[in-house]
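For reference, the structure is listed below as structure tokens.
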Number of protein chains: 2
Amino acid sequence: MTQSAPRPAAAPTPVELMDQLARAAAAYYRCFATVAAERGLTLMQGKMLSLLRTPMPMRTLADLLACDASNVTGIVDRLEARGLVRREVAAADRRVKNVLLTEQGEQTVRLIRAELISGLAGLDQLDAEDRSALRRLLGQVFPEPAATTTAAAAR
Amino acid sequence: MTQSAPRPAAAPTPVELMDQLARAAAAYYRCFATVAAERGLTLMQGKMLSLLRTPMPMRTLADLLACDASNVTGIVDRLEARGLVRREVAAADRRVKNVLLTEQGEQTVRLIRAELISGLAGLDQLDAEDRSALRRLLGQVFPEPAATTTAAAAR
DNA sequence: GAGATTACTTGACATCCTCAACGATCGAGG
DNA sequence: CCTCGATCGTTGAGGATGTCAAGTAATCTC
């Protein structure tokens with residue numbers, strides 16, 4: 001644990017960290033929104049596309065995005081109109097509509113992710129130990145919901 | 001350092017961390033939105049109130065929130081209508097409108113912050129060393145803009 | 001003093017968001 | 001098999017957010 005650097009100040013309080021997390025979250029979304037806008041997508045459209053790395057029901061999208069089903073309908077409508085996603089009735093339950101990326105949608109997601117990782121240049125500057133520590137610490141502050149299923153988590 | 005748990009796997013890649021950051025940011029905003037909604041505020045209204053711990057010009061709000069000035073006008077209008085903020089012409093430049101929290105607005109911000117820190121229970125479980133590490137790591141991934149002025153950073 | 005720039009506001013229009021209601025579908029229970 | 005309650009996605013009303021363009025007032029520069 002390379003932690004020999006003299007501590008410049010006292011350890012931050014939880015409140016100070018809360019503020020820093022706020023700034024970090026805002027910075028993350030600023031970066032994401034910029035990347036999405038370069039593809040003519042709004043923040044929400046970009047978020048939804050990124051969630052769809054595996055097909056999923058609209059209900060699930062609404063849960064992950066913490067918004068109402070009718071809102072998801074609107075967003076999917078607009079993405080569908082642009083040829084980025086399509087709806088598909090689930091075989092096991094005809095009420096359920098799965099949303100899938102089209103080829104174009106997958107390409108768009110790939111490009112967004114590539115640009116996003118570029119925009120988070122600071123990540124590349126972390127060594128393996130730092131990255132492990134960050135994963136652990138973030139995992140403690142934001143525990144993953146009892147591992148339900150999806151690898152594509154909320155974003 | 002209570003870290004006797006066996007290291008489960010190799011260090012995460014930057015891409016894996018990017019995804020975790022996305023999930024963390026989403027979780028943070030879910031928490032924040034819930035707290036704001038309990039006060040009858042939308043996410044943006046809550047964000048703006050939280051930024052206003054010191055008075056600032058609308059131009060500054062637009063910069064921090066990364067949105068258009070006209071959008072800020074609308075949000076301030078609605079907050080002003082609810083008695084949470086007020087506008088004040090700056091003495092040095094009559095074009096400039098500073099936005100200030102009212103007493104009621106300050107109270108609201110205090111309550112929001114108190115509830116938010118409660119909702120981020122994981123922060124309290126970090127010891128001082130972890131908190132310092134998290135501060136350092138977040139600071140590397142999301143460098144603060146060349147320290148301009150405000151303590152109330154973007155949120 | 002004139003023209004350029006800045007700060008905020010207004011307005012049009014698109015998108016997002018919640019809530020309520022609806023029709024189609026499913027599943028449990030009798 | 002039938003009924004009823006629950007679920008899923010959609011529609012629609014109305015409010016909030018967001019961009020862009022244009023306008024007015026104030027300030028700055030030459």
Side-chain angles (χ1 to χ4, degrees), chain A residues 26 29-30 32-34 36-52 55-82 84-100 154-155, chain B residues 26 29-30 32-34 36-52 55-82 84-100 154-155:
Chain A
Y29 277 120
R30 244 187 325 264
F32 188 85
T34 298
E38 282 162 7
R39 313 254 144 241
L41 297 169
T42 65
L43 177 61
M44 281 307 283
Q45 287 165 2
K47 278 169 85 173
M48 188 179 282
L49 278 186
S50 300
L51 283 180
L52 284 169
M56 67 181 66
M58 296 181 77
R59 176 74 256 160
T60 304
L61 282 170
D63 290 339
L64 292 175
L65 291 168
C67 72
D68 191 74
S70 60
N71 192 22
V72 167
T73 297
I75 299 169
V76 170
D77 282 348
R78 288 181 285 276
L79 287 176
E80 196 173 27
R82 296 180 53 167
L84 297 174
V85 304
R86 59 186 175 89
R87 286 170 165 92
E88 194 171 89
V89 177
D93 183 339
R94 301 215 333 277
R95 297 171 299 184
V96 173
K97 295 274 183 67
N98 286 317
V99 187
L100 302 81
R155 166 179 286 174
Chain B
Y29 277 119
R30 247 188 321 267
F32 187 86
T34 298
E38 282 161 8
R39 311 255 142 239
L41 296 170
T42 64
L43 178 60
M44 281 306 285
Q45 287 165 4
K47 278 169 85 172
M48 188 178 281
L49 277 185
S50 299
L51 283 180
L52 284 169
M56 67 182 64
M58 296 180 76
R59 175 74 257 158
T60 304
L61 283 170
D63 290 340
L64 292 175
L65 293 168
C67 70
D68 191 73
S70 59
N71 193 22
V72 167
T73 296
I75 298 168
V76 170
D77 282 347
R78 288 183 286 274
L79 288 175
E80 196 172 26
R82 296 180 55 166
L84 296 173
V85 304
R86 60 186 175 87
R87 287 170 165 94
E88 192 172 272
V89 176
D93 184 339
R94 299 207 343 267
R95 296 170 301 181
V96 174
K97 295 274 183 65
N98 285 318
V99 186
L100 302 81
R155 165 178 290 173

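Proteins get letters first, then strands, A, B, ... in listed order; numbering begins at 1 in each. Computed from a predicted model, the values in this text were never measured in an experiment.
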Nearest listed nucleotide, side chain of [X], among [options]:
X	options	answer
Thr73(B)	dT10(D), dT9(C), dT19(D)	dT9(C)
Arg95(A)	dC8(C), dT7(D), dT19(D)	dT7(D)
Ile75(B)	dC8(C), dT17(D), dT10(D)	dT17(D)
Met44(A)	dT10(D), dC17(C), dT9(C)	dC17(C)
Val96(A)	dT18(C), dC8(D), dT17(D)	dC8(D)
Asp93(A)	dT17(D), dT18(C), dT25(C)	dT25(C)

Could you state the atom-to-atom distance from [atom1] of [X] to [atom2] of [N] in whole Å?
X	N	atom1	atom2	result
Met58(B)	dA7(C)	CE	P	13 Å
Arg59(B)	dT9(C)	CZ	P	12 Å
Leu41(A)	dT19(D)	CG	C1'	15 Å
Leu61(B)	dG18(D)	CG	C1'	16 Å
Asp77(B)	dT17(D)	CG	C1'	13 Å
Lys47(A)	dT15(C)	NZ	P	18 Å
Arg30(A)	dG18(D)	CZ	C1'	16 Å
Asn71(B)	dA21(D)	CG	P	16 Å

- prompt: For the residue pair Leu79(B) and Met48(B), what are the closest heavy atoms and their distance?
  reply: CD1-SD, 3.9 Å

message: For a quick test of reading the model, state the closest non-hydrogen atom pair linking Asn98(B) to Pro57(B) and the distance between them.
response: OD1-N, 3.2 Å

- prompt: Could you state the interatomic distance from CZ (Arg78(B)) to OG1 (Thr73(B)), rounded to the nearest 0.5 Å?
  reply: 10.0 Å

query: Say you draw a straight line from CE of Met44(B) to SG of Cys67(B); how long is it, rounded to the nearest 0.5 Å?
result: 5.0 Å

[N], OP1 or OP2 - any side-chain N/O from [X] closer than 4.0 Å?
X	N	value
Arg78(A)	dC16(C)	yes
Ser70(B)	dT10(C)	no
Arg94(A)	dT25(C)	yes

- prompt: NA contact type, Thr42(A), heavy-atom cut-off 4.0 Å: base, sugar-phosphate, or nothing?
  reply: sugar-phosphate

message: By the 4.0 Å heavy-atom rule, please label Asp68(A) as base, sugar-phosphate, or nothing.
response: base

- request: Hey, which sits more toward the 5' end of DNA chain C by its nearest nucleotide, Ala92(A) or Gly74(A)?
  value: Gly74(A)

task: Hey, which sits more toward the 5' end of DNA chain C by its nearest nucleotide, Cys67(A) or Val72(B)?
output: Val72(B)

- prompt: Heavy atoms, side chains only, cut-off 4.5 Å: are Gln45(B) and Leu84(B) in contact?
  reply: no

- prompt: Going by heavy atoms in the side chains, are Leu41(B) and Arg82(B) under 4.5 Å from each other?
  reply: yes

